[in-house]
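These numbers were taken from a predicted model, which means no experiment stands behind them.
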Amino acid sequence: MAIDTVERFLIALDPRHREQVRGLPRKERDRLAATWEDELREDTDLDTLSELSPAAAESEAAARVARKVLDGPRD
């Protein structure tokens, strides 16, 4: 059975953000997972990291999405 995008995103997140995302409505989890996939696809630095460690690239992209979307802006 294939793992869906949301599950892959959850696996890539750190535990604190993983629980935060699990508490969101499905539509919001889908949106965050799509944002995560965009980050993986569009960032050329992640392409290089992905060649060395796909899991590390997925975790870095998930951390970026979490910082931008879940943690909000920092002053």
Taking C-beta and beyond as the side chain, do V69 and R31 meet within less than 4.5 Å on heavy atoms? yes

Would you say the side chain of F9 lies within less than 4.5 Å of the side chain of V65, judging by non-hydrogen atoms? yes

Distance check, rounded to the nearest 0.5 Å: T44 atom OG1 versus E42 atom CD? 11.0 Å

Working to the nearest 0.5 Å, report the span between CG of D30 and OG1 of T5. 8.5 Å

Among E60, E58, R64, the one residue meeting side-chain contact (heavy atoms from CB on, under 4.5 Å) with L40: E58

Nearest 0.5 angstrom please: Q20 CD to L32 CG, how far? 9.0 Å

Expected output: side-chain R29 to main-chain V6 donor-acceptor under 3.5 Å: no

Any heavy-atom pair between the side chains of L10 and E7 that's under 4.5 Å? yes

Closest heavy-atom pair, A12 versus W36, reported as atoms and distance to 0.1 Å, is CB-CZ2, 4.1 Å

Where A61 and L46 come nearest, the two heavy atoms and their spacing: CB-CD1, 3.8 Å

